[in-house]
Amino acid sequence: MTRPPLRQAQAWRRLEACRDALAGRDLRALFAEDAGRAARMTAEAAGWRLDYARQRLDAETLAALLALARERGVEARRDAMFAGRHVNRSEDRAALHVALRAPEESRIDCDGADVVPAVQDTLGRMAVFARALRAGKLLGWSGRPIRNVVNIGIGGSDLGPAMADRALRDYADRHLRFRFVSNVDATAFVEATRDLAPDETLFIVASKTFSTLETMTNAHSARAWLLEAADGAETAVAKHFAAVSTHLDAVREFGIPAARVFGFADWVGGRYSMDSAIGLATMIAIGPRRFGEMLAGFHAMDEHFRSAPLERNLPALMGLIGVWNNNFLGAETVAVLPYAQYLARLPAYLQQLTMESNGKHVTQDGAPIDYATGAIYWGEPGTNGQHSFYQLLHQGTRLVPCDFIAFGEPLRPLGRHHDLLVANVIAQAEALAFGRSAAELKAAKVSDALVPHKVCEGNRPSSLLLAQRLTPRSLGGLIALYEHSVFVQAAIWDVDPFDQWGVELGKQLAARVVGEIEARATPLTHDAATNAAIAWAREARGETAARPSHRARVLVLDIGGQHVKARVTGSDEERRLASGDALGPGQMIDRLRPLLEGWQYDHVSIGIPAPVRHNRIAREPFNLGAGWVDFDFEDAFGCRVRALNDAAMQALGSYAGGRMLFLGLGTGLGSAMISDGVIQPMELAHMPYKDRTFEDYVGAAFRDRDAAAWQREVLEVIDILRRALLPDYVVLGGGNAVNLETLPAGVRRGANENAFVGGFRLWEDA
Ligand code: F6P
């Protein structure tokens, strides 16, 4: 039986009549005419209470909305989804996220087979992996336990775990650090890893397709970052990567062993996947038991959605209220306003869930749509938003329905904080609904001139979503509530909430454009505006190529007893001049001038074999002339100069996060420690060691006398310093590092050009 187009449906017409009947009856009137409204317009399920009394509808509207749901077959479509039928029609597959949280003993058939055992099997494997990591039993290549987890994924492979990372932080193991890299902008990866020790870091590459451009680009950068630190040992990949995907072949090619691959089925949509293996980072953070509680919360809401009558069904009510506001009151957006700082990423998460699902312009049959579909979701935690955009909510010319989310109990009781938080959310809902009239303002003796400015007309709809406490269980229930309310709306609008064809075109064009940016000779055949933008990118890229990784152009001087070596940003060329025990700073500057001809730089970095304090050389360097102490380099170069002990500069260039001990084994001994990004140069060389000094035992002179004893001494010194300073890893620089025959675990050689890298890095934040 063919059914009429949506706008001709009986219930739709009835709703249009409701809108007309409600014109002129604002929320004040609706409350005045119905004393039972507040009590009646609430519903509860899975620990959540939906209070929708402040929505602009009456009993008749509600009845018409429920009739619309029945007329448009919401229940039948819901049942088809739970039964594993191919409700994702354009991709011809099921949408069975409800199976991800079904209890172990349930049976859910899809395409002729029960899917529950595979789900449970994956959950079990995830639990084993998560427990091992949490217990410090998952070791990196150096033998140190993994304690950093970096999730690399985007969209549904990022937003869920990233949102849950904050939402459930109170339940997380704080010894572990979690980072989320999604954007292809390199700063995302660089920032996420800059203070991490590679040998303690696990990357979870999360991608349903294992082909998403951003994720694969970041995953390959992670691999390179790891291998650089592990001296190219490919075996490290197996210890430092795990993958979550439905495309297991692609994962294998990346070098991730099967034991660390967690799959899920293609009937899990990306934005419905935070409770699948995509939630591995969440499970590691909060542990398998609490992850199970989260799944139980999801499941409780699923069961409610599946079985409760629409009149009391939270997802149905929320979905229908959304249809009412969107299609009948003309609201284009929904503000999601969690009064819980830990839910800061919830609006972003819901943006994908709601807008990727219901941002559609044709019906499931491909027919064009003549009504508004998915609303624009946005939001920020309260009370913060009150001090920025709420002004528009209260007095702006647009209608913005609000979802307020609040909890009865604080996670961190502290003075009056929680009472104030809850008071604010209640007050905001009240202010939006009932406002303040001109008469009230006049009665309060507000001057006539100010009255119009102060009037809040009210009648602005909102719902309160309330739960006792933010827990894994309540979070699961909340997410399932939104998932199913999206589904209800999709059923009314007759769209497919499980496909996302609209994102493909941009991906294809980007693949073409990147080739054109990189191959300058390719003729451009786009429209004029796109051609112009590509031409701009080609031009700009030329500049970036000349300034590889730094915003400012830097001249780096590595001053040694034999040579002063120089490099500048954007060039591979090294220029040098002879130094020696007569070289003073003035003389060096004079001789540098012709040498630096043609080089452009904004800042200078100087590495020098002398102690440097507060950017000033504190003692004359060994093996050079005099006059260095307190020499004013900024005056001489006419720009800002940063000076550093030469070992510290090389250390900075070798630094890969965490606590690093650097020893420069050259003619003498250079030493520095970098701890979580803070450089601490050390003057160890001339400190007493055995009957002489450290340098006497590990310097070049001692090696010339007895190479075998030198090997032993170097290892012993490393051992002593490790015990004293507890570094995460040790890097050996200087000309003699290559002569050390055996490198203990956690010790690696750093390249000499790292001095330049360090010099450039000194200005990276400039
Ligand atoms: O581009 C959109 C999208 O396909 C989302 O639907 C999905 O969540 C995201 O990209 C990431 O996809 P994947 O998990 O396959 O890397």
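Indexing begins at 1, ligand by ligand and atom by atom, following the structure's order.
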Atom 12 (O) of ligand 1 sits nearest the protein heavy atom T212 OG1, 3.5 Å
| said: If you count heavy atoms of other groups shown closer than 6.0 angstrom to NZ of K360, is the number above 12? | reply: yes
Q364 side chain to D496 side chain, donor-acceptor N/O pair below 3.5 angstrom: no
Atom 9 (C) of ligand 1: closest protein heavy atom, distance to 0.1 Å, is I154 O, 3.6 Å
Salt-bridged, D173 to R290, with N to O below 4.0 Å?
-> no
Using a plain distance cutoff, I'd like to know if V503 has any nitrogen or oxygen under 3.5 Å from a nitrogen or oxygen of ligand 1. no
The answer for which part of Q500 has a heavy atom under 4.0 Å from ligand 1 is side chain
- Keeping the roles fixed (side chain from H240, backbone from L226), state whether a donor-acceptor pair exists under 3.5 Å. no
for atom 15 (O) of ligand 1, nearest protein heavy atom and its distance come out as T209 OG1, 2.6 Å
Taking only non-hydrogen atoms of Q352 and a 4.0 Å limit, the atoms of ligand 1 in range are 5 (C), 6 (O), 7 (C), 8 (O)
request  = For N313 and F305, indicate whether the former's side chain and the latter's backbone hold a donor-acceptor pair under 3.5 Å.
outcome  = yes
Do the side chains of D365 and R89 get close enough for a salt bridge, i.e. N-O under 4.0 angstrom? yes
### Task
Consider ligand 1: state whether an atom of it lies below 4.0 angstrom from any non-hydrogen atom of E504.
no
Tightest non-hydrogen contact, residues Y272 and P497, listed as OH-O, 3.3 Å
Inset, instruction - Would you check, one step at a time, whether the test salt bridge (Lys or Arg N to Asp or Glu O under 4.0 Å) holds for R345 with D165? - result: CA-CA 9 Å; R345 291 291 285 163; D165 173 65; over 6 Å; no
If we number the atoms of ligand 1 from 1 as shown, the ones under 4.0 Å from a heavy atom of K507 are 1 (O), 2 (C), 4 (O)
If we number the atoms of ligand 1 from 1 as shown, the ones under 4.0 Å from a heavy atom of G270 are 8 (O)
Atoms of ligand 1 under 4.0 Å from any heavy atom of K208, numbered from 1 in the order shown, are 13 (P), 14 (O), 15 (O), 16 (O)
Near S157 (heavy-atom distance under 4.0 Å), the atoms of ligand 1 are 13 (P), 14 (O)
Near G156 (heavy-atom distance under 4.0 Å), the atoms of ligand 1 are 7 (C), 8 (O)
heavy-atom search around atom 2 (C) of ligand 1 in the protein gives E356 OE2, 3.4 Å
State plainly whether the residues E293 and R473 are in salt-bridge range, i.e. N to O under 4.0 Å.
no
